[in-house]
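Because the structure is a prediction, the values reported are computed rather than measured.
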Amino acid sequence: MAEGEEDLPRDAKIVKSLLKSMGVEDYEPRVIHQFLELWYRYVVDVLTDAQVYSEHAGKQTIDCDDVKLAIQSKVNFSFSQPPPREVLLELARNRNKVPLPKAIPGPGIPLPPEQDTLISTNYQLAIPKKQPAQAMEETEEDEESVEPNSSQEHKTDAPHPTSQRVSFPLTKRSK
């Protein structure tokens, strides 16, 4: 046995051997814990359903038939069968009765409308307008209130950093 494998619980060793038997050699250690949690959750759900079925039948204990019924209800609820082939063929016949729209002749390859393509623009850039004149006057007054003998240089010509807002409007497509 590998180092640290003797510390694993029996259920973890079973999951590990199942992975190995399926040809899975390289996996993260937490995969075993995830399988165990899934396994335990499934068993608890099945046994809870089996207990409900047993109580409904007026029995004191859960028997094999209750567990089988609970498993069957889980399978029926979790997995759905595809429709029969005849139903699919009938649906295809009905759908194919409607002719495709006529192609518009023109130069080059016909493309779908721009709103239906993935390369169409789906955003707008909203660039803020310049500061109002009143706000500019306030900043100039603040700069003048600083002592003129200060050793710091004031750059009044430097542009202030402006923020840009990007919006992505989503439009509904009619089908």
Side-chain angles (χ1 to χ4, degrees), residues 1-101 103-104 107-128 161-175:
M1 283 190 169
E3 184 178 319
E5 191 171 315
E6 59 273 350
D7 296 341
L8 289 175
R10 182 181 62 91
D11 294 341
K13 290 178 185 177
I14 291 171
V15 170
K16 197 169 186 176
S17 67
L18 282 172
L19 288 171
K20 189 173 184 176
S21 71
M22 294 175 65
V24 180
E25 297 291 333
D26 188 27
Y27 54 87
E28 293 185 25
R30 63 183 176 178
V31 169
I32 294 175
H33 300 291
Q34 290 170 342
F35 272 121
L36 284 174
E37 184 174 336
L38 178 69
W39 186 3
Y40 292 151
R41 190 178 321 146
Y42 181 78
V43 169
V44 167
D45 287 346
V46 166
L47 291 178
T48 304
D49 290 349
Q51 184 178 12
V52 170
Y53 297 145
S54 176
E55 290 173 1
H56 180 72
K59 297 185 271 186
Q60 294 295 325
T61 59
I62 300 172
D63 61 7
C64 186
D65 292 334
D66 297 326
V67 174
K68 286 180 183 179
L69 184 60
I71 290 172
Q72 188 61 43
S73 69
K74 280 274 181 219
V75 169
N76 289 341
F77 179 72
S78 299
F79 305 104
S80 62
Q81 296 293 324
R85 180 178 166 88
E86 294 78 29
V87 173
L88 290 176
L89 288 173
E90 183 63 29
L91 285 172
R93 270 189 231 104
N94 289 339
R95 181 53 128 174
N96 290 334
K97 284 180 185 176
V98 178
L100 292 173
I104 301 171
I109 300 171
L111 296 175
E114 189 169 325
Q115 70 267 14
D116 294 336
T117 62
L118 294 175
I119 59 172
S120 65
T121 304
N122 63 352
Y123 61 89
Q124 295 175 344
L125 293 177
I127 300 175
T162 59
S163 62
Q164 293 185 351
R165 187 182 68 154
V166 178
S167 63
F168 300 91
L170 301 174
T171 58
K172 291 185 178 179
R173 288 192 230 169
S174 59
K175 291 188 176 181

Quick one: closest heavy-atom pair of [X] and [Y], and the distance?
X	Y	answer
Ile62	Ala50	CG2-CB, 3.8 Å
Ala70	Val46	CB-O, 3.4 Å
Leu18	Ser21	O-OG, 2.8 Å

Report, as yes or no, whether the 6.0 Å neighbourhood of atom CZ on Arg30 holds more than 12 heavy atoms from other residues, nucleotides or ligands.
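No, the 6.0 Å shell around CZ holds no more than 12 heavy atoms from other groups.
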For Lys68, I'd like to know if atom NZ has over 12 heavy atoms of other residues, nucleotides or ligands within 6.0 Å.
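Not buried by this count: 12 neighbours or fewer within 6.0 Å.
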Any side-chain heavy atom of Asp66 within less than 4.5 Å of one from Leu69?
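Asp66 vs Leu69: side chains apart.
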[atom1]/[X] to [atom2]/[Y] distance, rounded to the nearest 0.5 angstrom?
X	Y	atom1	atom2	result
Ile71	Leu47	CD1	CG	8.5 Å
Glu86	Leu89	CD	CG	7.0 Å
Glu90	Arg95	CD	CZ	14.0 Å
Lys74	Asp45	NZ	CG	4.0 Å

Check: residues 32-42 side-chain donor-acceptor pairs under 3.5 Å, at least two apart:
unit_1, atom_1, unit_2, atom_2, d
Glu37, OE2, Arg41, NH2, 3.0
Tyr40, OH, Asp11, OD2, 2.7

